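Report on the following structure.
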Protein chains: 2
Amino acid sequence: MQSNTSHISIVLCRPQFAGNVGAAARCGKNMGIGRLVVVGKPNLDQDEMYRRATHVAAEVIDGIRYVDNLEAALADFQYIVGTTARLGGARGPVVSPREMAEKVSGISQENRVALLFGPEDAGLTNDELRFCHLVVNIPTAEFKSLNLSHAVMILCYEIFSCRLSTEGRFVSKLASSQELEGMYGQVAELLVRIGFLNSQNPEYWMMHIRRLLSRTGLHSKEVKIIRGICRQMDWFLESRGKEDKKT
Amino acid sequence: MQSNTSHISIVLCRPQFAGNVGAAARCGKNMGIGRLVVVGKPNLDQDEMYRRATHVAAEVIDGIRYVDNLEAALADFQYIVGTTARLGGARGPVVSPREMAEKVSGISQENRVALLFGPEDAGLTNDELRFCHLVVNIPTAEFKSLNLSHAVMILCYEIFSCRLSTEGRFVSKLASSQELEGMYGQVAELLVRIGFLNSQNPEYWMMHIRRLLSRTGLHSKEVKIIRGICRQMDWFLESRGKEDKKT
């Protein structure tokens with residue numbers, strides 16, 4: 001199901017670096033999430049913030065809601081997703097970004113959702129995590145400390161991709177078996193003609209050729225390209241024969 | 001199956017900003033990918049690069065391999081993943097980061113894989129994309145322009161998160177970029193000779209042919225078969241010319 005991204009906000013709790021706030025705005029904008037809340041009245045360099053946001057996400061920076069404390073910032077949200085790099089009993093169960101995205105796709109239809117991130121140095125405290133309905137941990141190798149804006153990107157990307165996987169944007173149409181067989185017949189004929197295949201037993205090498213072309217999943221257009229090459233080759237051989245006869 | 005990240009490199013082609021190179025090094029380190037190649041001798045501010053990498057990824061910056069041109073940078077890789085923000089006929093079929101990760105998890109077991117990213121302003125050119133076995137498009141909302149290091153993060157994250165269910169799937173050795181380039185050169189020559197490609201502008205159709213052959217992951221033996229067909233075709237055209245002269 002498609003998340004309702006107009007119901008989703010990025011909430012940055014006590015961010016320290018203006019560059020990260022700007023970069024987070026850009027990430028949100030890339031993934032269709034245009035609401036940003038900044039908690040704790042940090043002293044942020046406006047130029048750096050706008051620079052990293054780029055002009056396209058400048059409107060996200062213009063629209064930042066600044067709130068003094070976290071409780072007030074979260075008051076109107078119905079579902080709060082927290083993030084943590086640390087794992088352990090005190091933090092309770094965590095989910096992956098992908099599991100979070102699946103949950104949020106349904107919940108965001110009718111509810112306002114906050115994606116909550118802690119400050120760069122220490123992350124969210126246990127106290128702050130208590131507000132959260134769900135806590136996400138981004139899987140990493142040994143080096144766990146993600147840049148804040150990169151953590152924002154991964155969550156926004158998962159939310160945006162989750163809606164896409166059900167829309168099937170990347171499923172493109174492959175050539176039909178009929179198209180493929182027509183092509184292979186034409187290829188085999190040509191290869192016999194030029195003596196690459198033995199007309200008595202063309203199958204061994206054709207099997208290799210089929211295998212290498214088919215496992216890729218050919219599109220109709222690509223089948224037409226291959227058939228076009230074969231046709232051109234035939235035409236070339238033909239017309240050359242005629243020319244040679246003329247001389 | 002989890003990717004063998006020690007076989008995977010991040011290749012940044014002509015990056016303009018030291019901060020992005022540093023941030024990309026940190027992203028790689030977060031996700032277990034510690035090799036970084038920088039192409040094109042850019043003039044990068046070392047301090048900014050180390051600052052954004054943080055001390056944990058400093059060793060990635062120390063180990064950067066700087067290479068003058070892309071062809072040399074890619075010569076030893078057996079599978080090259082390119083990235084593009086633009087879609088359209090001239091770029092051929094693209095896959096999602098997730099589909100890419102599934103592919104790479106198997107291929108990286110036995111092969112050196114490059115994740116190739118273009119410069120911040122314009123991305124990879126069509127010429128540069130020709131080296132790629134697979135082209136990835138990161139899905140976005142209307143605002144398509146991702147910061148370079150965020151694009152790096154999404155690909156590295158997907159690779160790290162992917163655990164392919166087809167445990168123990170047969171993974172064999174693929175042809176190197178050098179073998180492939182030799183083959184494509186020979187194919188292009190033949191297609192120009194028979195008039196399928198215009199010698200003035202062979203690149204459009206060659207791009208489609210490259211894409212359809214490369215995304216499958218060609219083995220050395222298959223490269224030899226294709227070159228054998230080209231050679232046979234040349235020989236056939238040659239000997240036919242001679243025969244015709246005799247008569």
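Keep in mind it's a predicted model, so treat the numbers as computed, not measured. In the text below, chain A, chain B and the rest are named by the order of the sequence lines, each starting its count at 1.
- Note that CG of B/Leu146 is 14.0 Å distant from NZ of A/Lys29, once rounded to the nearest 0.5 Å.
- Residue B/Ile33: no heavy atom, backbone or side chain, is found under 4.5 Å from chain A.
- In this structure the side chain of A/Leu237 reaches within 4.5 angstrom of the side chain of B/Leu237, judged on heavy atoms.
- Contact between A/Thr140 and B/Asn30 at its shortest, heavy atoms only, is CB-O, 3.3 Å.
- In this structure, chain A has no heavy atom under 4.5 Å from any part of B/Thr5.
- For B/Arg231, no part lies under 4.5 angstrom from a heavy atom of chain A.
- Of the inter-residue distances, the one linking A/Ile194 atom CD1 with B/Gln232 atom CD reads 5.5 Å to the nearest 0.5 angstrom.
- Annotation for B/Gly32 and A/Ala141: closest pair N-CB, 3.4 Å, computed over non-hydrogen atoms.
- Under the 4.5 Å side-chain criterion, counting only non-hydrogen atoms from C-beta, A/Arg98 is in contact with B/Arg98.
- Contacts with chain B were tallied for A/Ser96, A/Ala57, A/Cys156, A/Pro97; A/Pro97 has the most, counting heavy-atom pairs under 4.5 Å.
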Exercise for review: Using the side-chain contact (heavy atoms from CB on, under 4.5 Å) rule, take A/Glu158 and B/Tyr157 through it: C-alpha gap first, then chi angles, then the decisive distance, then the call.
Suggested key: CA-CA 11 Å; A/Glu158 281 287 6; B/Tyr157 161 76; 2.6 Å; yes

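- The part of A/Leu190 that comes within reach of chain B is its side chain, from C-beta onward, which places non-hydrogen atoms under 4.5 angstrom from that chain.
- Residues A/Arg26 and B/Phe143 have side chains in contact (heavy-atom distance under 4.5 Å, counting atoms from C-beta outward).
- Using a 4.5 Å cut-off between heavy atoms, A/Leu191 touches chain B through its side chain atoms alone.
- Atom CD1 in B/Ile138 sits 6.5 Å away from atom CE in A/Met31 (nearest 0.5 Å).
- In terms of heavy-atom proximity, B/His208 sits nearest to A/Glu222 at O-OE2, 4.4 Å.
- In this structure, A/Met153 and B/Met153 have side chains that are not in contact, with every pair of non-hydrogen atoms separated by 4.5 Å or more.
- Per-residue counts of heavy-atom pairs under 4.5 Å with chain A were compared for B/Ile229, B/Asn147, B/Val152; the largest is that of B/Ile229.
- Interface check for chain B: of the options A/Gly19, A/Ser145, A/Gly228, the most heavy-atom pairs under 4.5 Å are formed by A/Ser145.
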